[in-house]
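When a residue number appears, it is its place in the shown sequence, counting from 1.
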Amino acid sequence: MTRSKNRYSGVVIGPVIIVVGVLALWKNEGRFDYARAARNTTPMNVPAPSFNNKLISYTGSMETDLKISGEYVESLIGYLSVNRSAEIYAWDRDEDSDGHVTWNLKWMTRLDRNSRNNDIQQRLSSKQFRPKSYNVGKIQINEKWIEFVDPQETISLSSLKLTDTGEKDGLKKRDEYLYLAKNRPRKLGDERISYRGLRVPPTATYFGEYKDGRGVAYQAEVKSGLVDSLIQDTGILHFIVAGERPVALKTMQAHLTRLRWIVRGGGFLGISVGFMIMFSAATGFLYHVPVIGAIAQWGTMAISFILGGLLSIIAISSSYLIHHPLTLGFTVAGCCLVFWLARKRATQSQTNFKQALDTDFGHTLSSTELEELEFIELLRVCFADKEVHIDERKYLTKWAKQHGWDREKIAEMVAKAKSGDEDPTEPTYTDKHLRNLIRLALADGKIKRFELNTISKAASEIGYSRSELQRTIQQVRTSGPLS
């Protein structure tokens, strides 16, 4: 029952992951371009009422001794934002599609609720610390919805001092962590926390809306979905970035580019994993068969990554074109131009071949005459070995049916084909009539698929390889009338 349930879950979970991955790739290409929005802001040298309710950029000095309350530690000094990461050492339970369970002791951010962790409690928690407001030069920046693009760094515990709360909770400094020992066998249930922070730069540039003398978040695009949250697309312009305006803009562009590529890579991996879960649910029973199991596993992985790559490319390229109308317009215009040029060339080619044929035969050939001449040349190619084989009879019959000919008509064409005074055993016989057949087929501008299939079969019967036939067709395209 458990195995069947796991396989059923895989069939459901796999497609869900694939859909989420595709949506993430799609939305990522149309995400809010905060770097461009920042470039379009109005530089404000001095705060003034005339900038009220406008999108501005403003460069000024910052408080490098900015203090943030640390809860377990005393004030965190000199940081714009601090992230506290909590982990617990506990059992991780992993069950595959066949019901096989694996247990591992590992550090995890959230306690996995399972039978081996029932009597364990996680006391420490992750948290983000920020001040209620920031000061950039002479203006105050609202903390709500503020975003940063500069890199964070690990905060050394040597610069931090435990508060009374931290000491009462039993926290101890150990390496780069505040450690909480539970004194259980194998360190089960032990917890630890670490800190990463973004240092206050001496000079920073703010990008956002200036309102009533303060910098506030500007909702440029509405982003409220689960996928938007997953790819970190808020649609908000409200940034503090280190450096003067030109430097800050470069930092924002680099951050946006990096974020886009991270989502692209993550989306591709997610889609591939989704396919692997889906296929594994259907073929997982083969994994335990010697030799076949390894082949099935590697085959499933290869197919999953191939499909994941193709679907990712389609999602990314189509979304990019939809979200960039000018690029889409140029692409469509380019395709139309290429099609028009190809059509024009085909029309000119048709005209040239038709004129050459009319000149060779001494009169203007009708479409019926062209069809008859093609069939006669096809027959002559088949007569090269003095015997028409079964396969040759099949495509000759198919040709006749394609053009609605009856037996009398076919017999008439066969008689005309045999009436030639050439010797089929001549070395140049088949090559000459195959080339004539191609020229006649090209007289309407291009070789139709049915004609190409028939010519290919005939050429194969007389010993032409595919590459030799393609080379012959190309030579005929640049040659003249029937020889």
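- In this structure the side chain of Met44 reaches within 4.5 angstrom of the side chain of Tyr58, judged on heavy atoms.
- Note that OG1 of Thr102 is 9.5 Å distant from CG of Asp92, once rounded to the nearest 0.5 Å.
- For the residue pair Leu80 and Pro201, the shortest heavy atom distance occurs at CD1-CD, 3.8 Å.
- Using a 4.0 Å cut-off between charged nitrogen and carboxylate oxygen, Asp119 and Arg184 count as a salt-bridge pair.
- In summary, Glu191 and Lys182 engage in a salt bridge, as defined by a charged side-chain N under 4.0 Å from a carboxylate O.
- Between atom CD of residue Glu244 and atom OG1 of residue Thr205 there is a gap of 6.0 Å, rounded to the nearest 0.5 Å.
- Side-chain contact between Leu230 and Leu23: absent, with no pair of heavy atoms (C-beta onward) separated by less than 4.5 Å.
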Check against side-chain contact (heavy atoms from CB on, under 4.5 Å), Asn104 and Asp94: CA-CA 8 Å; Asn104 291 296; Asp94 183 47; 5.6 Å; no
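- Side chains of Arg264 and Ser312 form no contact here, defined as non-hydrogen atoms less than 4.5 Å apart.
- Here the side chains of Lys54 and Thr42 are not in contact, with every heavy-atom distance at 4.5 Å or above.
- More than 12 heavy atoms of other residues, nucleotides or ligands lie within 6.0 Å of CH2 in Trp103, so this atom counts as buried by the packing criterion.
- For the residue pair Arg245 / Thr41, a side-chain donor-acceptor distance below 3.5 Å is found, with atom types taken as modelled.
- The minimum heavy-atom distance linking Ser272 with Gly308 is given by the pair OG-CA, 3.7 Å.
- At a cut-off of 3.5 Å, with distance as the only test, a side-chain donor of Thr234 or Glu147 sits close to an acceptor on the other residue.
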Mind running side-chain contact (heavy atoms from CB on, under 4.5 Å) on Glu87 and Ser126 for me, showing each step along the way? CA-CA 8 Å; Glu87 298 174 287; Ser126 298; over 6 Å; no
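- The backbone N or O of Val216 sits nowhere less than 3.5 Å from a side-chain atom of Asn142 that would complete a donor-acceptor pair.
- With a 6.0 Å radius and a threshold of 12 heavy atoms from other residues, nucleotides or ligands, Arg214 has its CZ atom above the threshold.
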Evaluate the side-chain contact (heavy atoms from CB on, under 4.5 Å) criterion for residues Arg174 and Arg192: first the C-alpha distance (whole Å), next the side-chain angles of each, then the deciding distance (0.1 Å), finally the verdict. CA-CA 9 Å; Arg174 185 182 295 183; Arg192 67 185 186 185; over 6 Å; no
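- With a 6.0 Å radius and a threshold of 12 heavy atoms from other residues, nucleotides or ligands, Lys173 has its NZ atom above the threshold.
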Run the side-chain contact (heavy atoms from CB on, under 4.5 Å) check on Val22 and Leu311 step by step: do they pass? CA-CA 8 Å; Val22 170; Leu311 194 54; 3.7 Å; yes
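- One N or O on the side chain of Arg130 and one on the backbone of Ile146 form a donor-acceptor pair closer than 3.5 Å.
- Cation-pi geometry between Arg258 and Trp261 is not satisfied (NZ or CZ under 6.0 Å from the ring centre, within 45° of the ring normal).
- Contact detail for Leu111 and Ala90: the closest heavy-atom pair is CD1-CB, 3.5 Å.
- Residue Ala242 comes nearest to Asp150 through the heavy atom pair N-OD2, 2.9 Å, listed as atom of the first residue, atom of the second, then distance.
- Judged by distance alone, the side chains of Thr154 and Arg196 do bring a donor and an acceptor atom under 3.5 Å apart.
- Considering every non-hydrogen atom in both Ile240 and Ala204, the closest pair reads CG2-CB, 3.9 Å.
- Judged purely by atom type and a 3.5 angstrom limit, Asn114 uses its side chain to pair as donor or acceptor with the backbone of Asp112.
- Inter-residue side-chain proximity for Tyr134 and Val200 is flagged as unmet; no heavy-atom pair is nearer than 4.5 Å.
- Between Leu188 and Trp91 the shortest side-chain heavy-atom distance falls below 4.5 Å.
- In summary, the aromatic rings of His238 and Phe207 are positioned with their centroids too far apart to meet the 6.0 Å limit.
- Annotation: side chain of Asp212 is in contact with side chain of Asn52 (closest heavy-atom distance under 4.5 Å).
- Asp33 CG to Met252 CE: the interatomic distance, rounded to the nearest 0.5 Å, is 9.0 Å.
- Under the 4.0 Å criterion applied to side-chain N and carboxylate O atoms, Glu71 and Lys127 are assigned as salt-bridge partners.
- Without hydrogens or angle criteria, Ser318 side chain to Ala315 main chain gives a donor-acceptor distance under 3.5 Å.
- The two atoms that bring Ile271 and Ile18 nearest to each other are O-CG1, 3.8 Å, heavy atoms only.
- A tilted orientation is assigned to the rings of Tyr195 and Phe129, their planes being inclined by 30° to 60°.
- The structure places OG1 of Thr251 at 12.5 Å from CG of Leu256, a figure rounded to the nearest 0.5 Å.
- Here the straight-line distance linking atom CG of Leu269 with atom OG of Ser304 works out to 12.0 Å at 0.5 Å rounding.
- Rounded to the nearest 0.5 Å, atoms CE (Met62) and OH (Tyr206) are 12.0 Å apart.
- Looking only at side-chain heavy atoms (C-beta outward), Val101 and Arg93 come within less than 4.5 Å of each other.
- A donor-acceptor pair under 3.5 Å is absent between the side-chain atoms of Arg84 and the main chain of Tyr72, judged by distance alone.
- Tyr34 and His255 have tilted rings, their planes meeting at an angle from 30° to 60° on a 0 to 90° scale.
- The aromatic rings of Tyr89 and Trp107 are tilted relative to each other, their planes meeting at an angle between 30° and 60°.
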